[in-house]
Structures are given as C-alpha cells and as structure tokens.
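Chain A is the first sequence line, chain B the second, and so forth, proteins listed ahead of strands; every chain is numbered from 1. In this text the structure is predicted, and so the values were computed from the model without any measurement.
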Number of protein chains: 2
Amino acid sequence: MITRMTQLFVRTLREDPADAEVPSHRWLVRAGYIRRTAPGIYSWLPLGWKVLRNVEKIIREEMDPISQEVHLPALLPSEPYEATGRWEEYGDLLFRLKDRRDNDFLLGPTHEEIFALLVKDLYSSYKDLPLSLYQIQTKYRDEARPRAGLLRGREFVMKDSYSFDIDDAGLEKSYQAHRDAYIKIFDRLGFEYRIVSAMSGAMGGSASEEFLAVGENGEDTFVRSPGGYAANVEAVRTPVPDPIPYDDAPAAHAEDTPDTPTIATLVAVANERVPRQDRPWEASDTLKNVVLMVSHPDGTREPLAVGLPGDREVDMKRLNAQLEPSEAEPFTDEDFAQHPGLVKGYIGPQALGTESVTKIKFLVDPRVVTGTRWVTGANEPGRHVFDLVAGRDFTPDGTIEAAEIRDGDPAPDGSGPLSLARGMEMGHVFQLGRKYADALGLKVLDQNGKLVTVTMGSYGIGVSRAVAAVAENTSDDKGLCWPRELAPYDVHMIIAGKGETVGAADDLAVALSERGVSVLLDDRKASTGVKFADAELIGVPTIVVVGKGLADGVVEVRDRRTGERQDLPVAEAADRIAAIVKE
Amino acid sequence: MITRMTQLFVRTLREDPADAEVPSHRWLVRAGYIRRTAPGIYSWLPLGWKVLRNVEKIIREEMDPISQEVHLPALLPSEPYEATGRWEEYGDLLFRLKDRRDNDFLLGPTHEEIFALLVKDLYSSYKDLPLSLYQIQTKYRDEARPRAGLLRGREFVMKDSYSFDIDDAGLEKSYQAHRDAYIKIFDRLGFEYRIVSAMSGAMGGSASEEFLAVGENGEDTFVRSPGGYAANVEAVRTPVPDPIPYDDAPAAHAEDTPDTPTIATLVAVANERVPRQDRPWEASDTLKNVVLMVSHPDGTREPLAVGLPGDREVDMKRLNAQLEPSEAEPFTDEDFAQHPGLVKGYIGPQALGTESVTKIKFLVDPRVVTGTRWVTGANEPGRHVFDLVAGRDFTPDGTIEAAEIRDGDPAPDGSGPLSLARGMEMGHVFQLGRKYADALGLKVLDQNGKLVTVTMGSYGIGVSRAVAAVAENTSDDKGLCWPRELAPYDVHMIIAGKGETVGAADDLAVALSERGVSVLLDDRKASTGVKFADAELIGVPTIVVVGKGLADGVVEVRDRRTGERQDLPVAEAADRIAAIVKE
C-alpha cells in the first residue's frame with residue numbers, strides 16, 4: 001500500500017498545542033495523529049487510527065486464545081447499575097441521560113453488570129463454565145480534570161474482559177490466563193511496564209494487580225523493593241510493629257507549648273521544656289490527628305479523624321482508596337464550627353474515638369500500636385499532652401492506611417527498602433469474586449443440582465491510552481518513534497528532488513508495496529529539510545531518502561530510532577528494505 | 001481456526017422471541033447472534049460479532065481506495081449542531097446529555113458538523129481538496145418505536161463518509177465514486193437491492209439516492225417503472241397536467257348533499273341529484289381538503305390545508321418528507337374547536353388560502369391545475385359546492401406532494417406505469433452542497449486567493465442493519481443461511497457418533513484449519529438431530545457430518561442453501577472441502 005502525503009489527511013504543526021502537558025499529547029497532536037473535539041474527547045486522524053487499530057490487532061491476537069470477543073452496547077439502562085449500587089457510587093464520573101420516555105440510561109464506564117446479566121440470560125449450569133468474554137469498545141467517564149490528551153480522556157477505547165467460574169480455583173486460573181496474556185500484549189506493545197499489587201477500589205473483590213507504564217508523567221505512584229515487591233502506593237500495607245510494654249511509661253501530662261504551629265516547632269519546644277529521658281523527642285514521636293469529612297454515595301456525610309506519626313503527611317489518594325466508594329476531604333472551617341469540641345491544631349485522641357464526647361470515628365496509622373508513647377494535642381489552645389500511651393490512655397476505633405509512603409520505607413514482605421516511581425495504569429486484572437453475581441442473581445446449578453453463585457474476574461486494558469503510553473515511552477526530542485508493530489506505515493519515503501528522482505521514488509514505492517511493505521510517500525512540493533523534519537515528527541521506523549544519491553546509484557535508509565544511515569544500491573533497495581522491515 | 005460448540009458462548013432457542021416481528025430478528029436471536037439489552041439496543045454475541053466484522057471488512061476494502069478512515073467521537077458538544085440548527089431539528093430523535101459542568105452534549109446520530117469542523121481546523125486551500133473521509137462507528141437515535149431487532153435500533157453501527165470539494169463538478173465526481181463503491185459493497189454483501197432517487201430530508205442539499213434492500217418487511221416504499229425509473233415513494237414527483245380552458249364551465253353552485261359521510265356516498269348522491277352532462281361524477285372529481293397541524297423545530301405550530309383528488313389518501317410520510325424538519329399531524333377535535341370557520345367534513349377551498357377569513361395555508365396536489373372542475377365542501381354541514389373551478393373560484397397557495405402513490409400511476413419521466421415495492425434503506429448517497437459548510441464557516445482559498453465555501457457530500461451505510469438485511473434476504477424456514485463472505489465460520493462440522501468418530505472429526509477439523517478453513521465443531525453430547533437443526537439454524541454455508549459414513553470411508557458434506565449432499569472419501573475430504581469453501 002502506498003499513501004501519498006499530498007493525499008493524506010494530515011497537517012503537522014511546528015508549535016506545541018497550548019493545552020499539551022505531556023510529550024505523548026504534544027507529539028500526537030503536532031504529528032497529526034489526533035485532534036481535540038471537546039475537553040477529554042478526541043478525533044482520530046488517519047495516522048492515529050492506524051496505530052490504534054494496530055494496538056487492537058495485538059490485543060485480539062493475544063486475547064482470542066483465552067477469551068471470546070463480543071460487543072455490548074455503550075448506552076446502557078440504569079437498572080443493573082442501580083442493583084449493584086454503582087449508579088450512585090460513580091457520582092459525577094458517570095455520564096447519565098434519559099431517553100424520550102424518561103427512562104434512565106448511562107454511558108458505560110465498565111460493563112461488569114451487563115456481562116453478568118448476559119451470562120445469566122444464556123447460561124444455567126456449571127457445565128457452561130468456565131467462560132471468558134471480551135470486547136474492545138468505546139467507554140465513557142466524565143473526568144473532573146480530563147488531561148494529557150489520550151492519557152485521561154472522557155471518551156476512550158478499552159479492552160474489557162470478564163471471566164465466569166464456578167469456584168475460586170477456577171477464578172484463580174482465569175485470572176492467571178489473563179495475567180499471562182497481558183504480559184504478552186504489553187511486551188509486544190513495547191513500553192516499559194511493571195506489574196504491581198493494587199487496591200480493589202470501587203470494584204469490590206479481592207486479588208488485583210495493575211500493569212503500569214513506567215514514566216514520570218504517570219498519574220500513579222508505585223513502589224518496588226530490591227527483593228521484587230511491587231505495589232501501587234494505595235495498596236502498600238505498613239508493616240505493623242509488635243506492641244510495646246508500657247508498665248514503666250510515665251503518666252500522661254499536659255504542658256504549655258506556646259508558639260508551636262508546626263511539628264518542627266513542637267519538637268523543638270518539647271525537647272527544651274519537657275525533655276525525654278532516653279533520647280530527644282522526634283517528629284515521629286508526635287501524634288498528628290487530622291480530621292476529615294467523609295461523603296458517602298448515599299449522600300450522607302460523617303467526620304473521620306486519622307491519627308498518624310507527625311513526621312508523615314496524610315496521602316489523600318491512599319486514604320480515599322481505603323474509603324471507596326466514600327470520599328474524604330479535609331475539614332473546612334465550617335466543619336470545625338459545627339464541632340466545637342475539636343480545637344484546631346491541638347486535637348488529641350482524648351477528644352475523639354468511641355469514648356469521646358464528640359464521638360468522631362478515630363482510626364490510626366498501623367504504627368500506632370499498643371504501648372507507643374506520644375506527644376499530641378491537649379484539646380486546649382497552646383497545650384500538648386506528653387507520654388500519652390496507646391492502649392492505656394486512648395483506644396482508637398481501628399487502623400487505616402492513610403500515611404504517605406516514603407522512599408526507604410520497609411517493604412511489607414521484608415524484601416528491603418521501597419523506592420518510589422511514577423507510572424500510568426495501562427491494564428488491570430482483578431478477582432472480582434461474587435459481589436456482582438450476588439447483586440444480579442447470577443447463579444448456576446452445580447454438579448449436585450444446587451444453585452451456586454458464579455465468581456467473576458474483570459480485566460481491562462486502556463487501548464487508546466496505550467497509544468499515548470507507547471508514544472510517551474518511545475518519543476524523543478524530534479517527535480514520535482513507533483515500534484515496528486504499531487507504526488502507521490512500514491516506510492516513510494522522502495522524494496528529495498524533481499524529475500527523474502520522482503520516477504525513481506515512485507518505482508521504489510511500487511516495488512516495496514509489491515513486497516507487502518506499506519509506504520508513506522512524501523511527494524509534496526516542500527524542501528527536503530521540511531520533509532525530513534516531518535518524517536522524524538511522524539515517527540515511522542524506517543525513513544528512505546530518494547535524492548542526490550541516485551547519481552551514485554544509491555538511496556539512503558535511516559533508522560528513525562537510532563539515526564543510523566546506510567546507502568543501498570537502487571537495484572537491491574526494495575529487497576533489502578523489505579528485509580529490514582520484516583526483521 | 002477451530003471453535004468447539006461446547007466452548008462457544010451461544011445458546012440456540014427453539015421458540016421465537018416474543019418481540020420478534022421479522023425473520024432477521026427472529027433468526028438472529030434464536031441462533032444466538034444477538035441479544036436485546038434494552039429496547040432498540042443489542043449485544044453482539046460471538047457469532048453475530050464475527051458477521052458484523054465481516055461486513056466491516058468488505059466495507060473497508062471498498063472504501064479505502066476512495067476515502068481515508070478516521071474515527072470521530074460519539075459524544076459530541078452541542079455547539080456545532082446548534083450552529084446548523086440540527087440540535088433543535090432532530091427533536092426527540094437526539095439523545096442529549098450534560099456533563100458535570102452542565103455543558104450540553106449529544107450522542108452523534110450523524111457527523112456532518114464535526115467532520116466539517118475537523119476539515120476547517122486542518123485545511124485552508126483548494127490544493128488540499130478533494131478530500132474524502134470515512135469512519136465505521138456506533139451511532140445513536142432515540143427512535144420513537146425501535147423495532148425489528150437490528151433493522152431499527154437506537155444504538156447501531158454505521159459507516160459514514162463525507163466528501164469535500166471546491167466546486168460542483170468535484171462534488172459530482174466524489175458522489176459518483178461513492179455510488180460506485182456502494183454498488184461493489186452491496187453486490188458483495190449479496191442481497192437484492194435497488195438504487196432509488198430520494199428526498200433530501202432533514203439533511204438539506206440536492207441530489208440524493210438510496211440503496212434499498214428489497215423485502216416485504218422494509219419500512220420504505222419505493223416505485224419502479226418498466227423504463228427504469230426508481231424512486232423512494234417520498235421522492236416521486238406527480239406529473240403535472242396542462243391547464244384546462246374553463247370558459248364554458250358552468251358557474252359554481254352549492255347543493256344539499258345529505259348523508260354523504262364518505263367520498264363514495266358523495267359521488268353517488270352527486271350523480272343522482274346533480275348529474276354531470278358529459279359523464280358521471282367520479283371520486284377523482286371531488287376535492288378533499290385535509291387540515292393538519294404543522295409543528296416547527298422552533299416549537300411553533302401552524303395549520304395547513306391540503307387539497308387532493310378524493311380518490312386518494314394523504315400519505316403522511318410523503319407529506320412530512322416535504323415539510324421536514326417540520327412535522328404535520330392530523331387536526332384534532334381541539335384544533336377544530338379553535339378554528340370554528342372550518343366545518344369538519346365539509347371544508348371547501350373558499351374557507352382556506354390567502355383570501356380566506358381563516359387564513360390557513362392551502363396547498364394542493366399537482367393535479368389540481370387551473371381549469372379543473374371540482375365537487376367539494378361548501379363550508380356548511382350537509383352541503384357541497386359543484387363546478388368549483390381552480391384558478392377561477394379559488395387560488396391555492398401552491399402545490400405539495402402529499403397524495404399517495406398507487407400502482408399504475410405514471411412515472412414522472414414518462415417511462416411507464418409505476419409499481420410499488422417495499423424496501424429497507426441500507427445506504428444513502430447525498431450531495432449536501434454548502435449548507436453545513438456555510439453554517440460552520442468551512443471555506444478555503446481558491447486559485448485566485450479568494451475564500452470560497454467548500455461543497456460537501458455525505459454517504460452512509462447501515463452496518464449493523466446490513467447484517468439484518470442479509471439475514472432477512474437469505475434466511476429460509478430452517479434458519480439463517482449466510483453468504484460465504486459473511487459467514488461466521490467456513491464449515492459447521494457435526495460429530496454424529498462417539499469414540500472413533502470423535503477422533504476422525506477432530507483430525508478433519510485440524511486438517512481444515514491447516515488449510516485456512518475456519519471450523520465450528522459441534523462436539524456437544526446431543527443427538528445428531530439436535531445438532532443438525534442447530535447447524536441449519538446457525539446458517540454456516542457448508543455443513544460436514546462425520547458419522548455413520550465413516551464405516552464406508554466417507555464424510556457427508558451438505559450445502560446449507562441448496563440442501564445438496566455429497567459423500568467425500570475421508571482421505572480427500574480436507575482438500576475437497578477447502579476447495580468448496582474457496583470456490
């Protein structure tokens with residue numbers, strides 16, 4: 001196949017688009033692959049659409065051996081999502097609409113409910129299982145802050161699959177099959193990725209891993225240890241220390257601590273006025289109690305206090321991952337006004353928890369074990385309590401993973417210190433379990449003729465996002481730089497001259513096309529410099545220049561990625577370029 | 001590729017689904033190709049999805065030589081549709097929604113606006129034209145009465161393309177290129193179709209033709225003449241007779257005509273009480289004046305009177321095709337109450353038109369030419385006027401094509417009497433002209449550096465509808481019966497036995513698969529009768545039975561369509577079946 005640049009619907013841009021925050025977005029727009037239609041909503045131009053379809057092809061080739069392709073609607077009735085609670089839980093993320101008869105519909109963000117109902121509709125026996133179905137489909141999420149082009153859009157393409165098994169062992173097998181297929185897919189897509197343990201999030205369920213594309217523009221933070229532990233930061237469990245005997249601990253005592261607006265000033269004042277015997281007070285000896293307002297999907301709100309060592313901040317993403325589908329926000333001045341028992345800046349556990357008059361739920365960091373001694377607020381302005389002992393002087397309502405994870409924190413499995421990195425979620429494999437099947441009555445008869453609830457898995461790949469992730473991972477300072485399997489064309493041929501040069505280029509393009517090589521032929525009336533810059537921007541892996549070399553009977557072949565050049569005799573060029581393309 | 005029935009996600013049904021009105025719907029659901037998710041919204045099961053993708057493949061192969069594939073969003077901002085007026089004009093057909101910031105969006109029913117803006121965004125010169133872009137995409141229309149399965153859905157797949165040209169000659173060329181490609185596509189899809197002249201409808205524009213699948217369950221009526229005229233019934237122009245001299249016509253005179261509730265009784269009474277000199281009165285001598293209420297897209301309403309020969313009914317589809325985007329409905333009792341000047345059942349032209357006190361717009365059938373003499377209402381109960389002469393006694397505001405077309409009516413081009421048939425619109429080619437480009441400011445610089453408005457064409461194919469149309473055209477009383485190119489598998493192999501039979505079938509399936517033949521292998525524990533009925537229901541073109549014949553060293557091969565059988569020696573079976581499949 002030969003496409004002439006003069007015919008191709010494309011316009012390359014010399015300038016970055018104003019809203020481009022990340023390289024993939026910048027290059028995909030500048031090279032004429034995509035074009036914004038509305039915030040978070042993109043049109044795919046011919047070059048971009050070819051790449052997307054190449055990604056789809058890879059996904060189909062790896063999914064077909066383990067799953068059957070189907071296609072469900074994007075416009076969905078609300079009832080199934082009401083049955084599972086997600087109609088409410090999704091909040092503003094869901095695009096909702098009504099039809100002419102005033103029936104509620106939504107644009108599918110993911111299809112667990114509809115797949116469960118479809119299987120319920122058709123199947124009724126354990127003999128029908130295991131079953132795995134997948135689709136590649138346009139999905140919708142009304143993101144609060146659509147950004148970074150294809151990386152976080154409101155309309156996007158996903159591959160979603162669902163497995164249906166009679167028991168946990170079957171689910172585990174289906175999960176592994178998907179995990180293995182995903183490894184093959186992401187290896188072929190050719191960007192750097194990590195598989196990390198993940199939270200289940202709003203989906204319910206148990207085991208869950210994410211495939212993250214490694215990259216500084218990723219929205220997710222993940223950790224890894226030298227010993228091989230890897231997890232999304234939301235999923236990291238803090239190792240719980242052993243309880244400490246506190247028989248010898250001094251009694252708690254409140255002290256004046258004027259001018260201590262920060263943990264650092266508090267530690268300084270504490271060491272000066274209330275020195276500790278064995279060693280100086282440190283920030284990690286202070287107990288910071290942060291109050292938050294939690295909104296539940298049903299619209300109700302309740303306060304929550306989180307106690308954590310003063311040397312750590314609350315990580316709202318980690319905290320909210322534990323609370324999903326509820327969502328916490330910091331207490332506002334108004335919230336404080338409605339809880340006069342809480343003295344802002346001086347909140348202590350004594351004012352919280354089950355025994356407290358304010359009766360605010362109080363959860364602590366897992367490090368706050370029985371016997372730990374703390375400096376914390378005295379619930380009076382300008383005063384702190386010292387030697388307040390967990391389990392003796394206060395009893396929290398439980399623990400919560402809300403504290404930030406830091407470089408060097410120990411891995412929960414003892415595999416060494418954690419290091420932090422950024423990534424973008426590209427895939428997610430998930431043992432859903434029976435939550436959706438239960439809510440929707442998906443049962444089959446087992447071998448004993450007894451109705452049992454089916455257990456489900458849910459598995460996603462961001463297809464349009466993968467285009468951006470590959471662009472992000474492979475582009476350089478000149479533009480895009482596609483892996484062979486994803487490139488919109490095999491060869492980008494530049495006609496660098498007139499007259500006979502044009503004829504020679506045409507002949508070579510035809511010869512390549514006959515060898516199954518697809519050619520983008522730059523036949524524009526433009527300077528070779530402009531053509532070359534565009535070729536580097538567009539990022540086809542092999543660039544062929546037909547021009548001056550013809551006088552010596554050669555054409556030039558460049559590798560877009562390495563920049564390596566070689567001159568090939570015209571007579572051999574078609575065969576040798578075809579060989580390079582099929583390497 | 002081999003798919004085992006025990007693994008395939010399918011469940012065939014012995015009974016017709018309750019809501020199935022047409023064969024395609026009945027068979028596609030019973031054979032497990034599609035499943036209803038909501039009214040007019042279907043899920044594609046593995047078999048159905050394969051057929052749909054086969055249709056897409058044919059379309060891409062024929063479109064790629066003349067157009068470039070892109071992919072635009074389905075979720076679209078309202079502004080471009082407001083600019084062209086279609087945000088209002090579409091009325092209830094449009095699915096409208098708001099995002100979390102209260103911006104208006106719609107689910108695209110067709111994409112003229114967005115394509116025009118995309119081209120405006122990228123292109124600016126006549127040198128960039130001509131241009132043709134296409135997409136295969138999920139579209140949305142909130143049909144009042146979704147019906148017939150895939151034939152009229154609310155979510156459906158369409159191929160839509162758009163051409164952009166600098167002048168009318170270019171548009172004509174782009175139009176012809178699409179028309180030619182459509183002929184190739186519909187020929188390959190393999191159902192009976194006709195190309196008919198069509199109305200432009202809500203789209204604006206000039207030349208327009210439809211590709212109709214011929215079939216009694218079609219929603220559209222079309223006409224053809226022995227001389228080759230063919231048109232959608234909405235598009236038929238009535239031949240206009242020459243005016244008639246009326247100098248000798250008697251003066252109009254009102255008469256009592258008691259008990260004449262129908263045209264037939266009126267004609268009988270007229271012939272009895274007011275006989276005509278030259279010949280008896282006929283129904284076609286009466287002028288029936290029908291009043292209607294027209295709703296405009298802007299929400300206003302106004303009455304309209306249509307006068308037509310009493311032997312013809314108003315065809316509301318034809319009438320509304322002329323009025324689009326406005327819509328007419330019959331006058332209600334309430335409407336009559338608000339227009340006391342109109343005596344129901346006795347409305348005459350004297351009470352209508354520009355000269356009337358009621359000032360209702362009065363349009364007549366093109367046959368009501370100057371000099372025609374009519375029997376019509378006298379605007380008094382029980383009385384009619386005789387010898388009322390058009391152009392002498394009344395002057396209508398114009399003509400309108402509102403009368404039904406009947407078998408035997410003359411073709412407008414003089415090519416003989418029309419005959420009526422039913423069909424389903426499968427494709428539409430349309431010279432849009434400059435309506436959308438004007439509304440959206442799509443201009444380019446011409447050769448003289450002057451800004452000129454681009455002229456557009458718009459071309460659609462109902463992709464999911466095509467699946468149903470082929471099913472409709474090819475199914476028989478046993479089930480589906482796919483043309484080779486659309487079939488989900490090449491061969492449906494039935495294992496009719498146990499033990500060695502299973503091994504022989506497996507071997508043959510593998511041998512076929514190695515020859516590039518896809519096999520659906522029925523390995524279920526079911527009777528041969530059940531398997532055979534399912535094979536006929538599913539409709540794969542070639543059915544292979546591996547069973548009793550093995551004793552004689554043969555397998556049976558049946559042609560699903562013709563029912564022809566032949567026994568093939570086992571040793572030759574793979575090669576000979578592969579040859580049949582590739583015929």
What part of [X] lies closer than 4.5 angstrom to a heavy atom of chain B: side chain, backbone, both or neither?
{"X": "A:Leu122", "result": "both"}
{"X": "A:Val119", "result": "both"}
{"X": "A:Arg35", "result": "side chain"}
{"X": "A:Arg96", "result": "backbone"}
{"X": "A:Trp44", "result": "both"}

Among [options], who wins on heavy-atom pairs under 4.5 Å with chain A?
{"options": "B:Thr3, B:Asn103, B:Leu75", "value": "B:Leu75"}
{"options": "B:Val70, B:Leu47, B:Leu93", "value": "B:Val70"}
{"options": "B:Leu76, B:Leu94, B:Val10", "value": "B:Val10"}
{"options": "B:Gly91, B:Ala38, B:Ala144", "value": "B:Ala144"}
{"options": "B:Ser43, B:Pro73, B:Gly48", "value": "B:Pro73"}
{"options": "B:Leu97, B:Leu45, B:Leu107, B:Asp121", "value": "B:Asp121"}

For chain B, which residues of residues 151-164 of chain A have heavy atoms nearer than 4.5 angstrom
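Within residues 151-164 of chain A, the residues under 4.5 Å from chain B are A:Arg154, A:Glu155.
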Main-chain N/O of A:Phe9 paired with B:Gln68 side-chain donor or acceptor, under 3.5 Å
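Yes, the answer is positive, given that a donor and an acceptor are paired below the 3.5 Å cut-off.
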Could you tell me whether a side-chain N or O of B:Asp142 sits under 3.5 Å from a main-chain N or O of A:Asp99, the two making a donor and an acceptor?
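Side chain of B:Asp142 to backbone of A:Asp99: no pair is present.
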Does the side chain of [Y] come within less than 4.5 Å of [X]'s, by heavy atoms?
{"X": "A:Thr37", "Y": "B:Leu117", "result": "no"}
{"X": "B:Asp128", "Y": "A:Arg11", "result": "yes"}
{"X": "B:Leu52", "Y": "A:His71", "result": "no"}

Given a strict heavy-atom distance threshold of 4.5 Å, which part of [X] is in contact with chain A: side chain, backbone, both, or neither?
{"X": "B:Glu79", "value": "neither"}
{"X": "B:Ile114", "value": "side chain"}
{"X": "B:Phe105", "value": "side chain"}

[X] atom [atom1], neighbour heavy-atom count above 12 within 6.0 Å:
{"X": "A:Arg14", "atom1": "CZ", "result": "yes"}
{"X": "B:Lys57", "atom1": "NZ", "result": "no"}
{"X": "B:Lys98", "atom1": "NZ", "result": "yes"}

Under a 4.5 Å cutoff for heavy-atom pairs, which residue among [options] has the most contacts with chain B?
{"options": "A:Asp92, A:Leu13, A:Leu72", "answer": "A:Asp92"}
{"options": "A:Arg60, A:Gln7, A:Lys50", "answer": "A:Arg60"}
{"options": "A:Arg101, A:Arg53, A:Glu143, A:Lys127", "answer": "A:Arg53"}

Residue by residue, which of residues 131-141 of chain B have a heavy atom closer than 4.5 Å to a heavy atom belonging to chain A?
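Listed by number, the contacting residues are B:Leu131, B:Leu133, B:Tyr140.
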